[in-house]
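Here's the structure we're looking at; comments come further down.
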Amino acid sequence: MKDYIAKAMTLSGQVRIYAAVTTNTVEKARNLHNMNHTPTVALGRVLTGIALMSQTLKDERHSITVQIKGDGPLKGIVAVTNAKAGVRGYVYNPAIDLPLNEKGKFDVKAAVGKGYLNVIKDIGLKEPYIGCVDLVSGEIAEDLTYYYAYSEQIPTAFNLGVLIGRDGTVEAAGGYFIQLLPGASDDIISKIEKSIFSHEPVTTLIHKGKTPEDIINMLFPDDDTIEFFDNCSVKYKCYCSKERMERNLLSLGRKDLQEIAEDEKGAELQCHFCNSKYHFSKDELLSLLKSQ
Ligand SMILES: [Zn+2]
C-alpha cells in the first residue's frame, strides 16, 4: 500500500477525521538515519502526526515544524512538513535503544524524557506562529493532543503507531487525528472515546491491510453521514540545496564564518534531514564573508 491520508467529516459535519498509512515514509527515515528501534518508533510517530497536521494548512506554501526537546537519551526530535504531507525529520540520538516498557512496548516515553514541544507554523505571516507546551507524556500522541487542547484550544485526539518487525524494519506505521469542530455537542466526545478504545491498535489494522478509509469507517461504524474528501499522498521529502546551506552559513554570524573560512580544505556541511553533503571551498567561504 502506498502512503496516504484519507480525510473525512463525520457525525453530520461535527467532527473532522484524517487517517494515514505512513509505513514507507517511516521506513525511509529509519534507513536514512540508520535508526535503532525506539528512535524509529519515536520519529515515526512524529512524522505521522505532522503529516496529519499538514492537512489543516490552507495554502500550499505553508509549513509546520515540530520540535521536541527532552532530558531522555534521545535528546530531541525535529520534523517538518509542507502543506502536502511532504515530511522530513531526525532525532538527535539515532543509535540509542532502551528495554521495552512494562507493557512490552518500545519505551518512547523514557527515550524522550521530560521537556517541551514546540509547534512552529509558517502560514505566510511576517512572523511564524509558535506554540510551546510542556511534554505531558513523551509518547508523542498525547503530547500533540495536549498541544491542540492547550495552545490552539481545539479538542483533538491523536493515535499514532509504528510496528517494527523482527528484522528491525518498519512493518506498519500510521495513525489518525480526530478534531471536534466548533459547535460540536458534548456527548460526541464520549461517543468518540468509546469508539477509539474498542479497536485493535492502529498498526495492527494497517498490518492486516486496512486502508485509511477502512480505519475511518471502523471508528464511526453507525454513521451514515461520513463524507470523504480527496486523499493526500505522504512522502519523505527534503528540500535542501547549496543555496539553503549558504543561508545557514551566513546565519552563523561573521565571527564563526571567519573561523570556518580559515581552513584550507574548506568546509563540509551535512543536511540533518537527508544526510546530503555540501562542500564549500575556502574561496567560496571567503566570498560569502565578503557578501555579508
Ligand atoms: Zn536534505
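As the structure lists them, so they are numbered: ligands from 1, and atoms in each ligand from 1.
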Looking at [X] and [Y], would you say the former's side chain and the latter's main chain have a donor-acceptor pair under 3.5 Å?
X    : Y    : value
D71  : K114 : yes
D3   : T25  : yes
K242 : H279 : yes

inquiry  = Let me check something: do L219 and L181 share a hydrophobic cluster, defined by ILVMFWY side-chain heavy atoms less than 4.5 Å apart, either directly or through other members?
reply    =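 Unlinked, L219 and L181 end up in two clusters.
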Q. Would you say the side chain of V119 lies within less than 4.5 Å of the side chain of Y148, judging by non-hydrogen atoms?
A.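 No, every pair of side-chain atoms sits at 4.5 Å or beyond.
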| message | With a 4.0 Å cut-off on N to O distance, would you call K105 and E139 a salt bridge? | response |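 No salt bridge links K105 with E139.
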Check: Among protein atoms, how many N/O/S atoms lie less than 2.8 Å from the Zn ion (ligand 1)?
Finding: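 For the Zn ion (ligand 1), the figure is 4.
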